[in-house]
Amino acid sequence: QVQLVESGGGLVQAGGSLRLSCAASGRTFSSYAMGWFRQAPGKEREFVATISKSGESTYYANSVKGRFTISRDNAKNTVYLQMNSLKPEDTAVYYCAARRTIQVLTAAELYAYWGQGTQVTVSS
């Protein structure tokens, strides 16, 4: 069982930056691929970024590529999402997710554990 707690959301102006954190419980964090997803009001949850258990492999949605960076610190059981050049369309609740696998995963239904989400609001 893995428990995930996101933090770092907030209100920021367009062009600004935020760093989200997701802290995981348990001793086997380094066995889990991690992902970030987001859901805007009235829209389906969408993939943002994923990172392999070692941190060597990452993958991004086209909409955030070049602006967002996913990283992890296995010693701290934490995964991060650095978000730069934020746009109003990035406004959403951001969720982190975990699955015990060697792969990187982009499909939400493949993740076993989810955090409660953190709100990111980008004003124009």
Side-chain angles (χ1 to χ4, degrees):
Q1 188 79 9
V2 175
Q3 292 184 329
L4 304 173
V5 179
E6 301 97 334
S7 61
L11 174 64
V12 64
Q13 289 187 334
S17 298
L18 282 175
R19 187 175 83 154
L20 305 183
S21 299
C22 174
S25 64
R27 301 179 180 178
T28 58
F29 178 72
S30 59
S31 298
Y32 288 80
M34 301 297 295
W36 285 98
F37 291 78
R38 66 187 182 186
Q39 188 167 18
K43 295 187 177 181
E44 293 185 354
R45 189 168 299 189
E46 66 171 352
F47 166 75
V48 175
T50 182
I51 188 166
S52 63
K53 63 177 187 174
S54 67
E56 291 181 352
S57 298
T58 58
Y59 189 77
Y60 298 91
N62 287 335
S63 59
V64 307
K65 198 173 297 182
R67 300 188 297 123
F68 291 10
T69 302
I70 189 171
S71 62
R72 65 190 297 159
D73 185 338
N74 285 346
K76 295 183 178 180
N77 282 16
T78 302
V79 63
Y80 305 97
L81 185 68
Q82 178 66 44
M83 305 186 295
N84 298 329
S85 302
L86 282 161
K87 305 174 181 180
E89 50 264 43
D90 294 318
T91 295
V93 177
Y94 282 71
Y95 299 89
C96 70
R99 180 179 174 121
R100 191 180 183 110
T101 178
I102 62 173
Q103 298 175 302
V104 288
L105 306 173
T106 62
E109 60 267 25
L110 296 179
Y111 283 87
Y113 303 101
W114 290 84
Q116 83 290 346
T118 185
Q119 176 71 47
V120 171
T121 303
V122 184
S123 63
S124 57

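A chain of hydrophobic side-chain contacts below 4.5 Å, direct or via other Ile, Leu, Val, Met, Phe, Trp or Tyr residues, connects W36 to L86. Hydrophobic clustering, with ILVMFWY side chains joined whenever heavy atoms are under 4.5 angstrom apart, keeps F47 apart from V120. Under the 4.5 Å side-chain contact rule for hydrophobic residues, I51 and L105 do not share a cluster.
Residues E6 and L20 fail the side-chain proximity criterion, which asks for heavy atoms closer than 4.5 Å. By the 4.5 Å heavy-atom criterion applied to side chains, K53 and Y32 are not counted as neighbours. Annotation: side chain of V122 is not in contact with side chain of K87 (no heavy-atom distance under 4.5 Å). Put simply, the side chain of M34 reaches to within 4.5 Å of the side chain of C22, judged on heavy atoms.
Within 6.0 Å of NZ on K43 lie no more than 12 heavy atoms contributed by other residues, nucleotides or ligands. Around atom CD of Q119, more than 12 heavy atoms belonging to other residues, nucleotides or ligands sit under 6.0 Å away.
Here E56 contributes atom CD and R72 contributes atom CZ; the two are 11.0 Å apart, rounded to the nearest 0.5 Å.
Residues passing the ring-ring contact (aromatic ring centres under 6.0 Å, His included) test with Y113: none are found, sequence neighbours excluded. Under the salt bridge (charged side-chain N to carboxylate O under 4.0 Å, His left out) criterion, E46 pairs with R38, sequence neighbours left out.
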Residues T78, D73; criterion side-chain hydrogen bond (donor to acceptor under 3.5 Å, both in side chains); working and verdict: CA-CA 5 Å; T78 302; D73 185 338; over 6 Å; no
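In this model, no donor atom of one side chain and acceptor atom of the other lie less than 3.5 Å apart for Y111 and T101.
Checked against the 6.0 Å centroid threshold, F37 and W114 count as a close aromatic pair.
A cation-pi arrangement is present between R45 and Y95, with the terminal nitrogen or guanidinium carbon under 6.0 Å from the aromatic centre and inside a 45° cone about the axis.
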